[in-house]
Student: 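Right, I'll just put the structure down here and ask away after.
Below, chain A is the first sequence line, B the second, and so on; all start at residue 1.
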Amino acid sequence: MSESTTEDTSDLFAVRKTKLDALREQGQNPFADNCDQSHTSVQAKALLPEEEEEGPEVCVAGRIVTFRLMGKATFLKLLDRDGQIQAYVRRDAIGEDEYAAFKKLDLGDFIGVRGKLFRTRTGEITVRAEEYTLVSKSLRPLPEKWHGLTDNEQIYRQRYLDLVVNEESRDRFKARSAIIREIREFLWEREFLEVETPMLQSVSGGAAARPFETHFNALSCDFNLRIALELHLKRMLVGGFDRVFEIGRVFRNEGLSRRHNPEFTMLEAYQAYSDYRGMMELTRSLIQRVAEKAIGTLTIERPEGDVIELGGDWREAKYKDLIVEATGRDDWFDLPVAAKLECSKELKIEVDPDLEDYEITNDVFEKIIEHTLVQPTFVTHIPRELCPLAKITQDDPTTIDVFELCINGQEIAPAYSEQNDPFIQREAFERQVGEETQALDEDFLLALEHGMPPAGGMGLGIDRLVIFLTKAANIRDTILFPTLRPA
RNA sequence: GGGUCGGUAGCUCAAUCGGUAGAGCAGUGGCCUUUUAAGCCAUUGGUUCCGGGUUCGAGUCCCGGCCGGCCUACCA
């Protein structure tokens, strides 16, 4: 070990590496096999009742996140999966040589501490160390302890550091896991079968989005990553699995934004002998259940200061009524394209003169209505051009039997009475293929020709659900490793 | 893709009109046996994102580039 005082102590890696080498020279293993953790921080703290002064012996383990050395005694805090617990290490309790080595520990090191629980002068439950074990030396410094990590890029690229120092972020990802777990529980209880369908597809359908393209060497052909789950799950309905769902990643080769990540997590659920009205009940019950069980409340405060009230029944509004209200024009749907464009301009919507009639109307919806729908709202009776996969409304053939659920000013979940007439379906596809650059999924149509029971289908953007349930500012804060330009 | 704001020590941030690049935390050495952002003394640490230019002198001004945030565009 070098005792040189001319060493550059600003190279934090070198300083820690020197400490590590010194331990090895003394015959110690800085990555010891184990330390026999007996309790997590929370479990250990539960073992010392209010009235007791001293508790049982425990062994806690975790990363050192604070280290207050006061001569011959030290307070430190360990971070484990449940939170933090303090340990109190005295020289005369662990021995002089041990304490000399202990003082060389760094913030970030993983150690195990064995000892009895007690309460400090200020009342904090603490482990009085009788022994400690270094189980992993950390060679890199942790981010600064007051401010944590604030650089967004580093938060995303080195998420592990964000998780070590930002409790809010830890809690959000725990909540995300709890939300997905609760979604599964809910659907299992309703006798839905969870299935997995291909991510690699030769034709990506079920949505109008540009796919990511890739190449499969063995078959020497091109594949796309899926953009939706829909068409394969409906094949399950044809096959007789009449309640199915899948939670999985879909990929859309489109821009990044506060609400868009190119890979994101979708839930899609299909229930035979139901329809979009049935999916309304399902979706509302699902979100209410998830909010209650995973978040603990039906009232979600927003950073904007208001609250989202998820309890009770939710508002239903017809697409046309919302458009008429927003434009102030009773005759909106009878206006020619030119007049609609003119009105759009007056509403300060950027207009593209090449848009189809229904696209102009949808711009009005997306640009001036959607963000106002903060309270849960089922938007129904949507123009048929917008959804080629749904059934046409009996008493209004210009609309289809769907809803688009908006919460927090965002589309969260669409649901359809699924189209099961193979002739109408083919026609709708062909119309769409004409407009968009999308191939026709002949195999799906073949499946439909074998007969698909009437069904309700629903898709839920898990990331967007997590955004508002965990008060995240950004979709990237809800995804552990959001898509970034390669470093 | 467009607009806009930013990039200074390991981390969080200062630096006045263009005039010797600083602080806190972390690190290093010392004191300290119930601390809570522990405290006290001393101290190390800089390609100011990169490349040009203007100037006696550039972190600061100008041009170009790279990277990022936000807004926007694309988006069943």
Student: Would you please name every residue forming a side-chain hydrogen bond (donor to acceptor under 3.5 Å, both in side chains) with A:Ser344, sequence neighbours left out?
Tutor: none

Student: What interatomic distance, in whole Å, is found between P of B:C56 and the corresponding atom of B:A73?
Tutor: 49 Å

Student: Of all residues at least two apart in sequence or in a different chain, which pass the side-chain hydrogen bond (donor to acceptor under 3.5 Å, both in side chains) check with A:Asp171?
Tutor: none

Student: If the P atom of B:G2 is compared with that of B:G39, how far apart are they to the nearest Å?
Tutor: 49 Å

Student: Can you work out whether A:Gly71 or A:Gly148 has the more 5'-proximal nearest nucleotide on RNA chain B?
Tutor: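 The 5'-side residue here is A:Gly148.
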
Student: How far, in whole Å, is B:C40 from B:G24 if one measures between their P atoms?
Tutor: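 One P to the other, the span is 10 Å.
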
Student: Do nucleotides 25-30 of chain B as a string where each nucleotide becomes B, S or -: B if the base has a protein heavy atom under 4.0 Å, S if just the sugar-phosphate does, - if no protein is that close.
Tutor: BSBSS-

Student: Is there a donor on the side chain of A:Thr120 or the base of B:U35 sitting less than 3.5 Å from an acceptor on the other?
Tutor: yes

Student: Going by the rule side-chain contact (heavy atoms from CB on, under 4.5 Å), which residues pair with A:Leu225 if we only count those two or more places apart in sequence or in a different chain?
Tutor: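 For A:Leu225, the residues satisfying side-chain contact (heavy atoms from CB on, under 4.5 Å) (neighbours in sequence not counted) are A:Leu200, A:Phe212, A:Phe251.
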
Student: Of all the nucleotides listed (B:U34, B:G69, B:U12), which has the minimum atom distance to the side chain of A:Tyr88?
Tutor: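 That would be B:U34.
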
Student: For B:G1, give its Watson-Crick or G-U wobble partner with both distances under 3.5 Å, or none.
Tutor: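 Across any shown strand, B:G1 pairs with B:U72.
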
Student: Where along residues 253-260 of chain A does a heavy atom come under 4.0 Å from RNA chain B, residue by residue in number order?
Tutor: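 Hits under 4.0 Å, by residue number: A:Glu254, A:Gly255, A:Leu256, A:Arg258, A:His260.
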
Student: Does any nucleotide pair with B:A14 by Watson-Crick or G-U wobble geometry, both distances under 3.5 Å, and what is it?
Tutor: none

Student: Is it the case that atom CD in A:Gln28 sees more than 12 heavy atoms from other parts of the structure closer than 6.0 Å?
Tutor: yes

Student: Could you list all the salt bridge (Lys or Arg N to Asp or Glu O under 4.0 Å) pairs where at least one residue sits in residues 223-232 of chain A, not counting sequence neighbours?
Tutor: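 Every salt bridge (Lys or Arg N to Asp or Glu O under 4.0 Å) pair that includes a residue of residues 223-232 of chain A, provided the two are not neighbours, is A:Arg226-A:Glu246, A:Glu230-A:Lys234.
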
Student: Which nucleotide wins on minimum distance to the side chain of A:Glu153, given the candidates B:C67, B:U12, B:C70?
Tutor: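 Nearest listed nucleotide: B:C67.
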
Student: Answer with yes or no whether A:Glu124 presents, from its side chain, a donor or acceptor under 3.5 Å of a partner atom in the base of B:U34.
Tutor: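 Donor-acceptor pair under 3.5 Å: no.
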
Student: Would you mind pulling out the nucleotide paired to B:A42, Watson-Crick or G-U wobble, both distances under 3.5 Å?
Tutor: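 Pairing partner: B:U28.
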
